[in-house]
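Below is one structure; the comments refer to it alone.
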Amino acid sequence: METTESEPAPELSAEEEMALIRDITAAAEAHAKEGDIFFLITNRWWQSWIDYVIHDLAGVPSNGYHHEFGSNTPRRPGAIDNTNLLDDMASEVSDMQIELHDTLVEGRDYILLPQQVWEKLHSWYGGGPTLPRKAINTGLSQTDLAIEVYPLRLQLLLMPKGEQAVVRISKRVTVDVLRKKACEVFDLVPDEVCIWDYYGRTKHALMDNLEKTLDDANIQMDQDILVEVTTDANGSLDGACMSSIQEDYFGSASTYLMTDASKSGFSNENLASLCYGSRSYSSSLMQSQYLRSSSGDLDNVPGTVGVTTRGSPSGLTGLLNLGNTCFMNSAVQCLVHTPEFARYFREDYHCEINWHNPLGMVGELALAFGELLRKLWAPSRTPVSPRPFKTKLSRFAPQFSGYNQHDSQELLAFLLDGLHEDLNRVKHRPYLKSKDAEGRSDEEVADEYWANHIARNDSIIVDVCQGQYKSTLVCPVCGKVSVTFDPFMYLSLPLQFASTRSMSVVVFTCDGSAPPIPYTVSVPKQGRCRDLIQALSNACSLRNEERLLIAEIRNHRIHLILEDPVLQLSTIKDDDHLAVYRLPRLEKRASYVQFVHRREDLDLGNNSSSTSWKPYGVPLLAQISRNETVTGSDIHEMARKMLVPMFRNHVAQHSAVQSSLSTRTQSYHTDSSKFQLQLIDDSNTVIEQTDYAIRVPQSSVATVIFVNWSKLDIKKLNTNHLEHLPEVFKYAPPAKRTRGEPLSLYACLDAFLREEPLVPEEMWYCPRCKEQRQASKKLDLWRLPEVLVIHLKRFSFSRSTKHKLETFVNFPIHDLDLTNYIANKIPQRQTYELYAVSNHYGSMASGHYTAYIKLLDENRWYNFDDSHVSAINEEEVKSGAAYVLFYRRVGEADGAASNGTQSCVKRSRRSSQR
């Protein structure tokens with residue numbers, strides 16, 4: 001593929017390029033809207049440009065770093081070359097001239113640039129090829145934007161000619177645009193063409209609503225679209241076409257339900273598409289078809305056998321990994337081995353499917369999950385392929401399509417919600433509004449909220465997994481208290497003790513008002529540079545007219561200046577050394593003067609002795625306004641001010657003259673006859689105390705001035721201030737302790753239920769103040785479910801980073817006692833026992849999921865690692881990989897509990913519990 005080149009524009013300096021790109025980027029992001037064009041640029045070239053402007057630029061770079069002074073400047077990058085992003089093989093089968101590799105990751109392989117930024121860089125450097133992508137709206141708000149890097153890739157099949165073509169098209173365009181695109185490709189007249197959703201080579205729906213978007217029509221990546229030429233000028237199908245729909249639908253459904261897959265002529269891919277009917281067809285036809293199958297020969301389908309005996313243990317069947325589907329396998333195994341679900345889905349649950357629920361999947365998700373569950377509980381231990389289930393899952397939850405790694409908890413949340421909607425016993429949801437408490441007791445109000453919830457939501461999922469919060473909001477201005485009682489499906493607990501980080505620094509003043517002072521502050525572990533500055537500002541009582549400048553010190557010189565407030569603190573290592581300079585705020589842009597200390601050293605090499613100067617201690621930093629004239633006397637005065645509190649004879653005077661800088665400076669002058677302050681510039685020229693102007697380069701981060709200390713003069717310094725700059729965090733090996741000591745599950749629960757103010761983005765509208773208020777919020781547990789799912793929040797996300805907490809959490813396997821956590825005081829103890837764990841190992845990018853499951857009939861734990869199932873000891877269950885915990889309530893009558901091989905609990909029990 002040829003790379004389009006353009007003539008580069010005249011070169012600018014790195015500083016000019018950086019400033020211009022930063023300004024353009026800020027303006028583009030502030031006014032971003034749907035339809036804006038963004039451009040992909042290879043991360044390889046982008047990083048070379050960043051390195052170029054960082055090393056060459058004297059001002060503030062985009063990532064918050066200033067590199068070591070005097071370092072070599074890298075070459076200006078050449079033309080932009082995006083060819084490593086392209087898939088030449090894919091381009092050969094697409095009507096698009098340029099196709100991207102399917103596995104590109106933003107931030108690793110490419111960067112997205114606003115159009116104005118791309119055009120400016122392209123005018124400077126040329127190159128290509130140009131890879132534009134549109135911003136599309138992904139939510140209800142106009143600000144919910146995403147860049148559609150991979151538009152839908154669809155295969156058009158023209159009938160009856162049999163021609164094929166592959167097109168790329170945005171999922172936000174309408175069906176009419178797709179139809180016109182098909183006509184353009186096949187040279188057809190739009191009025192004589194109709195198009196079909198041909199997912200899995202099955203006619204699912206006639207796409208006759210031309211105003212509907214492809215996203216709303218549930219069109220998936222890489223699916224087929226059937227293009228039919230009709231004789232009807234109105235574009236509708238005749239009777240022959242309609243009969244073909246019914247034949248395709250009923251033929252495929254009955255074939256799957258009544259035929260052994262291994263004996264049929266269908267491949268796994270065909271079976272995935274023939275698994276069940278689609279939501280696009282008449283729900284009454286679907287219902288009769290499914291009911292007929294389930295009441296007839298359903299139990300004869302391989303993998304759907306019911307009860308087994310203890311002599312042939314069931315429930316030990318693994319799931320094949322289809323490619324990064326370990327997250328799905330882990331979550332599914334935990335749900336499949338939930339006792340209530342194992343019993344429910346192995347009975348005749350079809351009568352509870354809500355075929356008409358607009359919020360559900362017309363029963364398809366419940367049927368697919370039930371079929372998979374039956375196979376996993378079959379006596380055969382041959383691993384099962386979850387491909388039909390994943391195909392159905394991808395159709396209704398496109399975020400889980402493809403074969404990328406996903407979050408098992410996110411899948412679990414979708415499955416529980418989707419199964420609830422498919423199995424909701426409420427066919428017509430009434431509109432109910434909860435009344436204000438008006439002095440009523442919490443018990444009465446909570447029961448009313450729960451009754452209203454059950455009146456609209458009543459399913460096996462609610463019976464088993466849903467509990468109730470008490471949420472209390474208090475207005476900080478008027479004291480208005482709002483209490484609501486909301487349902488929950490699972491608890492997401494923060495790993496509280498791992499969310500902060502201690503950082504040690506030394507703060508230097510530039511006016512000599514105080515000696516260097518060390519500080520240790522606590523900051524968010526995933527915080528930014530502004531969090532560290534804020535914590536230090538509070539610790540040192542920073543005044544409004546002052547600011548702090550953070551620098552990393554290496555080899556007794558400033559290596560990096562961290563001025564970008566959004567710089568991630570995770571980029572600062574524990575063994576780094578930070579100096580913080582307390583400077584006055586200037587209206588104009590500042591230039592810096594760095595005073596690097598050097599001490600006298602005797603060099604005995606080459607059989608002769610000579611004096612050399614070696615860098616020493618922590619440099620001092622002063623600032624001046626840009627374009628300000630500086631003399632030799634000014635330079636000496638800057639050094640004197642900062643050195644005043646470091647002289648040994650100044651210690652006794654310091655408290656007496658603390659408020660008078662002039663007195664301290666005079667004390668310094670009184671001593672000046674006893675030593676010589678020797679200042680040398682970087683060209684080894686002595687700086688005299690004269691009124692001659694000294695040039696401070698405007699493009700330099702800091703002008704380096706060396707302070708040479710003789711052996712006699714350095715003894716007059718309190719060198720402890722300059723010699724000992726602590727590490728950011730001094731690691732000490734912890735004392736030997738049990739694994740449970742770092743963090744308990746109860747501590748996580750305490751942190752979750754702790755009262756705290758709402759974040760600014762979630763302000764509460766106070767009905768009394770009639771304004772948005774940052775209210776305090778307190779959660780309490782009010783009603784606990786039969787099965788309690790606990791999600792440990794190990795993953796944290798920001799715009800640019802993803803982070804995993806490896807904290808070991810000590811969670812009880814037996815006797816999780818939540819009695820004291822229930823705000824609704826009831827006489828029964830609330831105790832739970834662990835029966836399943838979804839584990840995550842490794843990093844977010846290359847991690848792996850497994851599941852630990854306890855077979856209650858066997859009273860034994862097993863490790864479900866995709867298709868491999870093996871027994872483990874109970875003590876192995878606790879690990880730092882635990883991600884989602886599954887607990888079941890235990891009581892006096894639960895001694896004979898089972899995952900699913902014993903008889904079903906009567907439905908009346910659920911009703912009495914509600």
Side-chain angles (χ1 to χ4, degrees), residues 256-257 275-276 286-287 290-291 293-308 314-319 328-355 357 360-380 384-386 388-390 392-393 396 411-412 414-425 458-466 489 785-787 789 835-836 851 853 855-857 864 886 888 897-907 909-910:
Y256 175 75
L257 290 174
C275 178
Y276 299 111
M286 291 178 60
Q287 182 175 357
Y290 281 124
L291 289 177
S293 301
S294 62
S295 62
D297 298 327
L298 184 60
D299 288 336
N300 294 328
V301 179
T304 62
V305 179
V307 177
T308 59
S314 58
L316 294 178
T317 303
L319 285 165
M328 180 182 74
N329 294 348
S330 174
V332 165
Q333 291 285 15
C334 291
L335 287 182
V336 161
H337 288 85
T338 297
E340 291 80 359
F341 295 158
R343 290 191 291 265
Y344 178 87
F345 283 99
R346 294 166 72 192
E347 295 180 343
D348 183 10
Y349 61 93
H350 297 79
C351 59
E352 292 200 333
I353 292 178
N354 192 331
W355 307 95
N357 187 357
M361 293 87 182
V362 204
E364 293 190 48
L365 184 65
L367 288 164
F369 178 79
E371 182 64 19
L372 181 60
L373 181 146
R374 289 177 177 233
K375 291 181 179 179
L376 291 175
W377 277 101
S380 171
V384 172
S385 171
F389 174 76
K390 185 183 185 302
K392 196 64 61 179
L393 176 70
F396 294 114
L411 174 67
L412 179 69
F414 171 81
L415 279 179
L416 289 174
D417 186 63
L419 290 173
H420 159 66
E421 297 296 350
D422 267 5
L423 300 169
N424 195 349
R425 305 176 187 115
D458 183 15
S459 69
I460 180 64
I461 306 299
V462 175
D463 296 340
V464 175
C465 292
Q466 285 200 353
M489 193 87 76
E786 292 298 307
V787 168
V789 181
Y835 70 90
I853 308 288
L855 283 193
L856 302 181
D857 291 339
F864 287 73
F886 292 76
R888 54 179 295 273
S898 165
N899 291 80
T901 60
Q902 297 188 10
S903 62
C904 180
V905 177
K906 295 181 179 179
R907 297 276 167 83
R909 179 182 175 186
R910 294 199 304 266

Rounded to the nearest 0.5 Å, what's the gap from CG on L855 to OG on S314? Could you check? 8.0 Å
Atom pair CZ (F414) and CG (L393), whose distance is rounded to the nearest 0.5 Å: 5.5 Å
Keeping the roles fixed (side chain from H420, backbone from S459), state whether a donor-acceptor pair exists under 3.5 Å. no
With no hydrogens and no angle check, is any side-chain donor or acceptor of W377 less than 3.5 Å from a backbone partner on R343? no
Evaluation steps, side-chain contact (heavy atoms from CB on, under 4.5 Å), between V464 and Y344: CA-CA 11 Å; V464 175; Y344 178 87; over 6 Å; no
Counting C-beta onward and ignoring hydrogens, is there a side-chain heavy-atom pair between T338 and Y835 closer than 4.5 Å? yes
What are the two closest heavy atoms between K392 and E364, and how far apart are they? NZ-OE1, 2.8 Å
Any side-chain heavy-atom pair from E371 and P388 closer than 4.5 angstrom? no
Fit a plane to each ring of F345 and F369, take the angle between them on a 0 to 90° scale, and name the class: parallel (under 30°), tilted (30 to 60°) or perpendicular (over 60°). perpendicular
Side chain to side chain, N354 and L423, heavy atoms closer than 4.5 Å: no
Within-4.5 Å side-chain heavy-atom neighbours: E340 and D463: no
Could you please spell out the steps behind the side-chain contact (heavy atoms from CB on, under 4.5 Å) verdict for V336 and L372? CA-CA 9 Å; V336 161; L372 181 60; 5.6 Å; no
Set of residues satisfying side chain to side chain donor-acceptor pair (under 3.5 Å) with respect to D422, sequence neighbours excluded: none
Does the side chain of P386 reach to within under 4.5 Å of the side chain of V332, using non-hydrogen atoms? no
How many angstroms lie between CG in L419 and CD in E421, if you round to the nearest 0.5 Å? 10.5 Å
Are any non-hydrogen side-chain atoms of M489 and V789 less than 4.5 angstrom apart? no
Q333 side chain vs T317 backbone, donor-acceptor pair below 3.5 Å: yes
Quick check: closest heavy atoms across I853 and C334, and the distance to 0.1 Å? CD1-CA, 3.9 Å
Taking side chain as C-beta onward, heavy atoms only, is L416 less than 4.5 Å from C465? yes
Apply the test side-chain contact (heavy atoms from CB on, under 4.5 Å) to residues L367 and H350: give CA-CA distance (whole Å), side-chain angles for both, the deciding distance (0.1 Å), then the verdict. CA-CA 8 Å; L367 288 164; H350 297 79; 3.3 Å; yes
Calculate, to the nearest 0.5 Å, the distance between atoms CD1 and CE belonging to I353 and M361 respectively. 13.0 Å
Should V384 and L376 count as side-chain neighbours, where that means a heavy-atom distance under 4.5 Å? yes
Polar side-chain atom of D458 near backbone of R425 as donor-acceptor pair, under 3.5 Å: no
Quick one: pull up CG in L412 and CE in M328 and give me the separation to the nearest 0.5 Å. 13.5 Å
Test side-chain contact (heavy atoms from CB on, under 4.5 Å) on L415 and L365; report intermediate values, then the result. CA-CA 8 Å; L415 279 179; L365 184 65; 4.2 Å; yes
Sorted by chain and residue number, the ring pair (Phe, Tyr, Trp, His ring centres under 6.0 Å) partners of F886 (sequence neighbours excluded) come out as none
